[in-house]
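A short worksheet on the structure shown next.
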Amino acid sequence: MMVKSKSLDIVSYIHCLTTTSRRHHVVSSILGGREIPWVEKFRPTKVSDIVGNEDAVARLQVIARDGNMPNLILAGPPGTGKTTSILALAHELLGPNYKEAVLELNASDDRGIDVVRNKIKMFAQKKVTLPPGRHKIIILDEADSMTSGAQQALRRTMEIYSNSTRFALACNTSSKIIEPIQSRCALVRFARLSDQEILGRLMAVVAAEKVAYVPEGLEAIIFTADGDMRQALNNLQATHSGFGFVNQENVFKVCDQPHPLHVKNMVKNVLEGKFDDACAGLKALYDLGYSPTDIITTLFRIIKNYDMAEYVKLEFLKETGFAHMRICDGVGSYLQMCGLLAKLSLVRETAKAA
Ligand SMILES: Nc1ncnc2c1ncn2[C@@H]1O[C@H](COP(=O)(O)OP(=O)(O)O)[C@@H](O)[C@H]1O
Ligand SMILES: [Mg+2]
């Protein structure tokens, strides 16, 4: 069975969305939008504007409509809209009372045990008159960086003041939140955004900022962002302000990742039995200064989207995974990567013989 590559679909999709005149020379205003980071400028202010993770967003929308927000933990990878969702939800719930009724603490604030005992408790005790079904909200962003001591101090506060104050925690991994707190909260999971979801957002920003681009440039941004909307927008802005034109080459220059075409060639050579050429490609990447981690991360993504027999792909991914593990253990030599290419070549030989 063949697994179809996704990348081509995206290019043709962008082609459909863009008119020919736009595609090639959109005049970008020289200073347009460079003052504010686009991640902030285009941060959704309403829960309904958040892209992707439909189930999670739908749940939050119900809460925004009905009030009575439970204690919440939002967990998921970076740049998927956790902070944005909490802020939007708090604004929708509290409207004009936001300033008074919301306490926002993120990783850059001190959130040690003293702050939990004093600042958070004081806020929880504060009297604010709110409409029925609304509560004060304490937002603890990046809560997985709180010490477990501080989290322990939180659990009692959470219970005692639950009739007037609710908590919203955002974190990357929910397992870093102590269990007693987890059991007091409803967990909302966020996943990486799909390529289509990121593309939709990028198209909106590109139109609003009059960015000059070719579809392959956006494809490259989506590739480098890997499901992280923040990174996608940052890379788009960096490429736009650095080069004034978003194409593949400029994007990979800005992001400083190994060019996927180069890595793709390596895989192609392996599949065609040209082991020496594949090694030469690898050597070239090493000479350009890319670390084994850079190379193997790109390699993994290339293999995942490569058009090849399913059995071969699965074996390739397995071997790449093992090599990644060894690199993470500290053995990131050229030999290690060559060994990986050799293993991949063997897989191909076996598949061919079978
Ligand atoms: N689901 C999303 N929909 C629209 N924009 C998003 C989404 N996720 C992230 N963004 C963009 O990325 C920026 C950072 O998102 P944020 O919510 O802070 O991510 P995190 O999940 O790391 O807290 C936002 O300002 C917004 O511009
Ligand atoms: Mg965040």
Side-chain angles (χ1 to χ4, degrees), residues 32-64 69 72-93 98 102-111 137-146 167-177 185-209 211 218 221-241 246 251 254-255:
R34 280 195 194 164
E35 310 81 17
I36 321 167
W38 289 352
V39 277
E40 289 310 328
K41 192 166 173 189
F42 296 96
R43 190 192 281 276
T45 51
K46 285 193 289 199
V47 177
S48 54
D49 291 344
I50 289 161
V51 177
N53 288 300
E54 281 88 9
D55 292 345
V57 173
R59 260 175 96 183
L60 297 178
Q61 267 178 307
V62 171
I63 296 174
M69 181 185 111
L72 284 176
I73 295 180
L74 276 66
T80 48
K82 300 180 299 296
T83 306
T84 310
S85 309
I86 296 190
L87 293 177
L89 180 63
H91 274 288
E92 275 178 48
L93 281 172
Y98 184 92
V102 175
L103 175 67
E104 230 189 294
L105 295 172
N106 57 42
S108 58
D109 301 305
D110 180 13
R111 295 183 301 188
I137 300 176
I138 298 180
I139 298 175
L140 296 170
D141 205 354
E142 285 149 71
D144 38 8
S145 67
M146 286 174 79
F167 286 77
L169 283 68
C171 60
N172 291 135
T173 35
S174 61
S175 57
K176 289 208 185 127
I177 307 289
C185 296
L187 184 64
V188 182
R189 283 195 189 284
F190 279 69
R192 284 182 192 285
L193 300 173
S194 74
D195 292 354
Q196 294 293 343
E197 286 158 357
I198 295 195
L199 175 63
R201 193 79 187 157
L202 286 181
M203 295 296 287
V205 173
V206 154
E209 293 291 332
V211 175
L218 295 191
I221 287 180
I222 292 169
F223 180 87
T224 51
D226 195 23
D228 178 341
M229 183 78 86
R230 179 189 292 117
Q231 202 175 1
L233 291 178
N234 278 335
N235 290 347
L236 179 69
Q237 187 172 21
T239 313
H240 173 64
S241 54
V246 179
V251 170
V254 165
C255 304

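Computation of the quantities below employed the complete heavy-atom set of this structure, encompassing side-chain atoms and omitting hydrogens, waters and symmetry-equivalent molecules. Whatever order the structure lists ligands and atoms in, that order sets their numbers, starting from 1. None of the values given here were measured: they were computed from a predicted structure.
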Geometry only, no angles: is [X] polar-contacting ligand 1 at N/O separations under 3.5 Å?
X: Val51; value: yes
X: Gly81; value: yes
X: Thr84; value: yes
X: Arg43; value: yes
X: Thr83; value: yes
X: Asp49; value: no
X: Val39; value: yes

Structural part of [X] in contact with ligand 1, heavy atom criterion under 4.0 angstrom:
X: Ser85; answer: neither
X: Leu233; answer: side chain
X: Arg201; answer: side chain

What's the verdict on side chain to side chain contact (heavy atoms under 4.5 Å, CB included) for Ser174 and Arg189, showing C-alpha distance, side-chain angles and the deciding distance?
CA-CA 9 Å; Ser174 61; Arg189 283 195 189 284; 3.7 Å; yes

What distance separates [X] [atom1] from [Y] [atom2], expressed to the nearest 0.5 Å?
X: Lys82; Y: Ile86; atom1: NZ; atom2: CD1; result: 9.0 Å
X: Glu142; Y: Leu169; atom1: CD; atom2: CG; result: 11.5 Å
X: Leu93; Y: His91; atom1: CG; atom2: NE2; result: 11.0 Å

For a 4.5 angstrom cut-off between non-hydrogen side-chain atoms, does [X] reach [Y]?
X: Leu87; Y: Thr45; answer: no
X: Asp226; Y: Gln231; answer: no
X: Ile73; Y: Cys171; answer: yes

Atoms of ligand 1, numbered as shown, that sit under 4.0 Å from any heavy atom of Phe42: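 Atoms satisfying the 4.0 Å criterion: 27 (O).
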
Report task. Output the list of atoms in ligand 1 that are nearer than 4.0 Å to some heavy atom of Pro78, sorted by atom number. Result ->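 Under 4.0 Å from Pro78, ligand 1 has these atoms: 22 (O).
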
Please list the nearest protein heavy atom to [atom] with its residue and the distance rounded to 0.1 Å.
atom: atom 19 (O) of ligand 1; answer: Arg230 NH2, 3.2 Å
atom: atom 4 (C) of ligand 1; answer: Pro44 CG, 3.5 Å
atom: atom 10 (N) of ligand 1; answer: Met229 CG, 3.4 Å

TODO: Please name the pair of heavy atoms, one in Glu92 and one in Ala64, separated by the smallest distance, quoted to 0.1 Å.
DONE: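 Closest approach of Glu92 to Ala64, heavy atoms only: OE1-CB, 3.5 Å.
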
- Query: Yes or no on side chain to side chain contact (heavy atoms under 4.5 Å, CB included) for Arg201 and Met229, after CA distance, side-chain angles and deciding distance?
  - Reply: CA-CA 9 Å; Arg201 193 79 187 157; Met229 183 78 86; 3.5 Å; yes

(Q) Under 2.8 Å from the Mg ion (ligand 2), is there any N, O or S atom belonging to Asn106? (A)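 It does not; every qualifying atom lies at 2.8 Å or beyond.
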
| task | Given side chain to side chain contact (heavy atoms under 4.5 Å, CB included), test Leu233 with Leu202 step by step and report yes or no. | result | CA-CA 7 Å; Leu233 291 178; Leu202 286 181; 4.0 Å; yes

Would the distance check show the side chain of Asn235 and the main-chain N or O of Ile221 forming a donor-acceptor pair, the cut-off being under 3.5 Å?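 Not a single qualifying donor-acceptor pair exists.
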
With a cutoff of 4.0 Å, is Gly79 in contact with ligand 1, counting heavy atoms of the residue only?
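Yes; Gly79 lies near enough to ligand 1 that a heavy-atom distance drops under 4.0 Å.
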
Checklist entry - So is Ala170 close enough to ligand 1, meaning a heavy atom under 4.0 angstrom away? => result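 The answer is no, since Ala170 has no heavy atom less than 4.0 Å from ligand 1.
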
